[in-house]
Amino acid sequence: VAVFKLIFTNIFSVLVTYLIVLLIIRLFGILKIKENNGKPICPRCNSTCSRIQKSSIDELRTYLSLKIMRWKRFTCYTCYWEGSRW
């Protein structure tokens with residue numbers, strides 16, 4: 001509880017915490033699309049997947065991540081997975 005009060009007592013500390021979380025996600029590649037020879041790989045079945053048109057949610061995620069991560073929408077025609085990755 002004391003750590004929570006320390007981090008979230010003012011707006012500056014909230015912004016710094018948000019930026020640190022974004023940078024950790026970027027550094028460790030969380031939810032990043034895997035590639036093989038420059039082609040995206042499906043996270044479910046490991047076959048090649050394709051890019052499809054972005055949705056408004058993907059645009060919102062890009063803006064909320066301060067354009068550190070550019071979200072794209074992918075689909076796999078082998079296992080019918082569809083999702084967003086950066």
Side-chain angles (χ1 to χ4, degrees):
V1 174
V3 174
F4 185 79
K5 285 182 182 180
L6 176 69
I7 292 174
F8 297 107
T9 54
N10 60 27
I11 192 70
F12 179 73
S13 60
V14 171
L15 292 175
V16 169
T17 304
Y18 184 67
L19 284 173
I20 289 171
V21 168
L22 285 177
L23 291 174
I24 287 172
I25 290 171
R26 174 76 182 210
L27 181 67
F28 290 110
I30 299 169
L31 294 176
K32 184 169 175 64
I33 192 75
K34 307 290 189 269
E35 292 185 353
N36 186 9
N37 297 327
K39 296 182 180 181
I41 300 298
C42 174
R44 187 182 293 167
C45 68
N46 293 326
S47 64
T48 304
C49 60
S50 302
R51 290 264 316 265
I52 58 175
Q53 186 175 3
K54 288 182 185 180
S55 67
S56 58
I57 298 293
D58 298 324
E59 293 292 330
L60 181 64
R61 285 181 189 153
T62 299
Y63 288 120
L64 287 177
S65 67
L66 305 174
K67 295 191 177 183
I68 293 174
M69 297 168 281
R70 304 235 181 232
W71 291 87
K72 302 170 187 111
R73 186 159 289 279
F74 295 91
T75 188
C76 176
Y77 294 112
T78 305
C79 67
Y80 304 106
W81 171 83
E82 183 178 319
S84 298
R85 296 289 190 256
W86 61 273

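Values below: all heavy atoms of this structure, side chains included; hydrogens, waters and symmetry mates excluded.
- The hydrophobic cluster containing Trp81 does not contain Ile57, counting ILVMFWY residues as joined when their side-chain heavy atoms lie under 4.5 angstrom apart, directly or transitively.
- Proximity of Leu19 to Leu66: side-chain heavy atoms (C-beta onward) are separated by under 4.5 Å at one or more points.
- A donor-acceptor contact shorter than 3.5 Å is absent between the side chain of Ser47 and the backbone of Thr78.
- A continuous path of ILVMFWY side-chain contacts below 4.5 Å connects Leu64 to Leu27, so both sit in one hydrophobic cluster.
- By the side chain to side chain contact (heavy atoms under 4.5 Å, CB included) test, Ser50 is found to be paired with Tyr77, residues two or more places apart in sequence or in another chain being considered.
- The list of salt bridge (Lys or Arg N to Asp or Glu O under 4.0 Å) pairs with a residue in residues 59-86, not counting sequence neighbours, reads Lys54-Glu59, Asp58-Arg61, Asp58-Arg73, Arg73-Glu82.
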Subject >> Test side chain to side chain contact (heavy atoms under 4.5 Å, CB included) applied to Ile25 and Met69, step by step >> reply: CA-CA 9 Å; Ile25 290 171; Met69 297 168 281; 3.6 Å; yes
Identify every side-chain donor-acceptor pair in residues 28-46 under 3.5 Å, counting partners at least two apart or on other chains, and give the distances.
none

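- Thr75 pairs by the side chain to side chain donor-acceptor pair (under 3.5 Å) definition with nothing, not counting sequence neighbours.
- Counting heavy atoms from C-beta outward, Tyr18 and Leu23 have side chains that stay 4.5 Å or more apart.
- Both Leu60 and Leu22 are assigned to one and the same hydrophobic cluster, defined by single-linkage of ILVMFWY side chains at heavy-atom distances under 4.5 Å.
- Scored by the side chain to side chain donor-acceptor pair (under 3.5 Å) test, Thr48 finds no partners at all (sequence neighbours excluded).
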